[in-house]
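Here's the structure we're looking at; comments come further down.
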2 protein chains.
Amino acid sequence: MATIKDIAKKAGVSITTVSRALNGYSDVNEDTRKKIVETAKLLNYSPNTIARSLVMKKSKTIGLLVSGFIRENAKDNFTIEVMTGVNDYASQTAYDIVLFTTNSSKQREKTYTQLCKERKVDGVIIQGIRTDDPYLDEVIEGEIPCVLVDIPKIGKHAGYVSTDNYAGAWEVGEYLAGLGHTSIGMVNGHEFAFVSQERLKGFKDSLIQKDIKLSDDRISNGDFTEESGGRAALQLLEDNPSTTAIFCASDLMAIGAMTALKSRGYRIPEDISIVGYDNILLSRYVQPGLTTISQDTYGLGYEAAKLLIDMLDHEGEPRKTIVLHELMERDSSAKV
Amino acid sequence: MATIKDIAKKAGVSITTVSRALNGYSDVNEDTRKKIVETAKLLNYSPNTIARSLVMKKSKTIGLLVSGFIRENAKDNFTIEVMTGVNDYASQTAYDIVLFTTNSSKQREKTYTQLCKERKVDGVIIQGIRTDDPYLDEVIEGEIPCVLVDIPKIGKHAGYVSTDNYAGAWEVGEYLAGLGHTSIGMVNGHEFAFVSQERLKGFKDSLIQKDIKLSDDRISNGDFTEESGGRAALQLLEDNPSTTAIFCASDLMAIGAMTALKSRGYRIPEDISIVGYDNILLSRYVQPGLTTISQDTYGLGYEAAKLLIDMLDHEGEPRKTIVLHELMERDSSAKV
DNA sequence: GAAAAAATCCGAAACGTTTCGGATGATTGG
DNA sequence: CCAATCATCCGAAACGTTTCGGATTTTTTC
């Protein structure tokens, strides 16, 4: 573990000069710089980022705080896609990523701020947090630069990336109405997700504009799991047997709904059309293929990292980035 | 950002005493300790891990080096499951995880050792590395404690976790022979994965013991992608039209094979049985459900973290951990 | 050729912690 | 009551960097 001091001694200069030479300062002679760089290579030197961080008060790391990083959630590859995006952008920069999770009991005790302060991350990307999570306010009010994924809130040091969930759900409404459906239901996620609220609003509004009313008894809530989707869908059909189309606020719930309905003898899409949201990997493989709103999950992560690092490096203002979505028509939906 | 110094001043003691009090040393009076702890809380103190790392020469972080962390590989949730396991164990300890990837061009320039040295990780878990990766030797010979996932090599500072791929493949052989198949083929992964070699050996040996010979023209190589699996399977059937069962060295390839065969009019499992390996999420959802060897991927990650942290904290010897596997019979295989 | 400017270098402090070696005072043992 | 032990505390060095302010030498300018 050669240090800057070793180089200084070997090259016959001061450590100041070594530091300045290696960091590309202009006030060091080209010859001495060459010599220093050479001996650095010779000694197999690599800088100690910890020492650097200490004096610079910058760790060049960003925290990736994911709430849903538990086994069950591996199903939707949402999480990993976001992570991949974050990682891909970050690896083009000088920043490294350190992984935080909030599900473990151990870290539960620590507050978000403590987590960040202790680990001295320069900023943090937060994913999968619920609107009722105690962390949330701490985050938005806090001093630590952060960007939220899918939570449209901007703070003094907090920006966000998201898709236009309202518009996406709106398109589903248009689409289903366009297919001739008039008796429509919705399986929504739990109320503590912003996406649930937005998707509900968008869907409702687009239907109203087509003179279709989405009354409360046509809305059933799940909690984004497969199983809950099935339950909610069955409930819906029990309350409104005439239903010919169901919009589920997540693919996983949609898949659960399909399974449950099929087991009750419903044919999809002949008897009932199902549309999901997310375009998770599974939706392409399931039978029948699930019609859904595709979001650029990878892009979500990529843009989040971009936004955060821009805030860190260029003192960019916190802002929002909206990534695109698109309706993917597959075989789970048809004309009535 | 209160420091230890602030506490010392406020509590009227030396910084030495503060440090020793906060770290639970015995040579500090219980009353003063209480006072110190109180003022620490009052000042909302949290220790600066960077400063600590610098002096302790321990960063309390482990690197998670994953090669396959690219978009396409999100399909098999192998990577994320391993990561989840690693994360779950690590979060029970004092260690944090920092993410490395090797696919990006930027980090390609840097050697593995540089990566670790610079970021000062105490140890590293390596996943998805190929046997022909230039990193590999560096890793095994290197000074940095590490554990490999699915590469059975032990070094002075390197252990590994894996499943018994030989035994798993053996069981597939027994299973298919037990179903009455005698004309059997195999779609293997590329030769630069240890698992390929092991699975081939195990499968071959178990068939030989049943007097079935797996000649070379009955083995076709893919590269673990869905598409390559389809291609390899078709090749296989072209060369040996009598084939009634194919063992694919990964689920993704098996799924590719099923799709390709179905599109050529083969019925599964009536005309031909398919067995995969990995039990990825998809294999349960695909039609028909894929018979496969399930490995405890999560456990792989969990045990890897456990092993590494044991090596770090208790100077445990590098060793191996084998996690269990199990044949999952679904609908893609049947009696001949 | 002297003063001013530029180029090049360096000493020392600072970042926030841990820890070694010793200091101080109180208690104990004989 | 003196020495030895114990409990409690602290000063200062160390970890490996960056950087401020100044010092020294060389070049330029008139």
Side-chain angles (χ1 to χ4, degrees), chain A residues 1-40 43-61 94 96 114 116-122 313, chain B residues 1-40 43-61 94 96 114 116-122 313:
Chain A
M1 299 298 149
T3 77
I4 214 179
K5 226 183 271 180
D6 301 324
I7 301 178
K9 199 180 296 173
K10 187 142 192 168
V13 294
S14 78
I15 63 170
T16 304
T17 308
V18 175
S19 173
R20 299 181 76 80
L22 259 26
N23 288 320
Y25 279 67
S26 64
D27 68 342
V28 31
N29 187 285
E30 207 38 56
D31 288 345
T32 50
R33 181 197 305 279
K34 232 174 251 164
K35 190 173 181 180
I36 287 169
V37 170
E38 254 169 44
T39 54
L43 295 179
N44 194 19
Y45 169 78
S46 63
N48 185 327
T49 34
I50 293 189
R52 179 180 296 167
S53 299
L54 184 58
V55 51
M56 308 264 278
K57 289 162 172 294
K58 290 265 163 72
S59 67
K60 287 288 176 185
T61 56
D96 276 339
Q114 265 181 314
C116 296
K117 275 203 307 189
E118 280 194 19
R119 273 312 172 175
K120 290 281 178 291
V121 294
D122 294 338
D313 280 351
Chain B
M1 299 296 150
T3 76
I4 215 178
K5 226 182 272 183
D6 301 324
I7 301 178
K9 201 180 295 175
K10 188 142 192 169
V13 294
S14 78
I15 62 170
T16 304
T17 308
V18 176
S19 174
R20 299 182 75 79
L22 259 26
N23 289 319
Y25 279 66
S26 63
D27 67 343
V28 31
N29 188 284
E30 208 37 57
D31 289 345
T32 49
R33 180 197 307 278
K34 232 174 253 165
K35 190 171 179 183
I36 287 170
V37 170
E38 255 168 42
T39 53
L43 295 178
N44 194 18
Y45 168 79
S46 62
N48 185 327
T49 35
I50 292 189
R52 180 180 294 167
S53 299
L54 184 58
V55 51
M56 308 263 279
K57 288 161 170 294
K58 291 264 163 72
S59 66
K60 288 286 173 187
T61 56
D96 276 339
Q114 265 181 314
C116 297
K117 275 204 305 189
E118 280 192 21
R119 274 309 171 178
K120 290 281 177 293
V121 294
D122 293 339
D313 280 351

Establish, with yes or no, whether the OP1 or OP2 oxygen of [N] is under 4.0 angstrom from a side-chain nitrogen or oxygen of [X].
X	N	result
B:S14	D:dC10	yes
A:N48	D:dC15	no
B:Y25	C:dC20	no
B:T17	D:dC10	yes
A:S19	D:dT18	yes

Problem set entry | Positions of residues 50-61 of chain A (non-hydrogen atom under 4.0 Å from DNA chain D), listed by number | A:A51, A:R52, A:V55, A:M56

Report the distance from atom [atom1] of [X] to atom [atom2] of [Y], rounding to the nearest 0.5 Å.
X	Y	atom1	atom2	value
B:K35	B:I7	NZ	CD1	13.0 Å
A:T17	A:R33	OG1	CZ	11.0 Å
A:N44	A:D6	CG	CG	12.0 Å
A:I4	A:I36	CD1	CD1	9.0 Å
A:R52	A:K58	CZ	NZ	13.0 Å

Take the protein atom [atom1] of [X] and the nucleotide atom [atom2] of [N], then report the distance between them rounded to whole Å.
X	N	atom1	atom2	value
B:R20	D:dG11	CZ	P	14 Å
A:I15	C:dC10	CD1	P	11 Å
B:K5	C:dA13	NZ	C1'	11 Å

Problem set entry | Full working for side-chain contact (heavy atoms from CB on, under 4.5 Å) between A:T61 and A:K120 | CA-CA 8 Å; A:T61 56; A:K120 290 281 178 291; over 6 Å; no

Problem set entry | Global bending angle along the helix from C:dG1-D:dC30 to C:dG30-D:dC1, which compares the axes of five pairs at either end, to 10 degrees | 40°

Problem set entry | Distance-only side-chain donor-acceptor flag, B:T16 / B:S19, under 3.5 Å | no

Show me the protein contacts with nucleotides 6-8 of chain D, counting only N or O atoms at under 3.5 Å.
residue : atom : partner : partner atom : Å
D:dT8   : OP1  : B:N29   : ND2          : 3.0

For this session: Record whether the side chain of A:T16 comes under 3.5 Å of the base of D:dT19 through a donor-acceptor pair of N or O atoms.
Result: yes

For this session: Could you pick out which residue, A:G12 or B:N23, lies toward the 5' side of DNA chain C when each is mapped onto its nearest nucleotide?
Result: A:G12

Exercise. Any side-chain heavy atom of B:T3 sitting closer than 4.5 Å to one from B:N48?
Worked result: no

Exercise. For A:L22 and A:Y45, what are the C-alpha separation, side-chain angles and deciding distance, and is it a side-chain contact (heavy atoms from CB on, under 4.5 Å)?
Worked result: CA-CA 11 Å; A:L22 259 26; A:Y45 169 78; 3.8 Å; yes

Exercise. Looking only at heavy atoms, which two atoms of A:T39 and A:K10 are closest? And how far apart?
Worked result: CG2-CG, 4.3 Å

For this session: Would you check, one step at a time, whether the test salt bridge (Lys or Arg N to Asp or Glu O under 4.0 Å) holds for A:K60 with A:D96?
Result: CA-CA 7 Å; A:K60 287 288 176 185; A:D96 276 339; over 6 Å; no

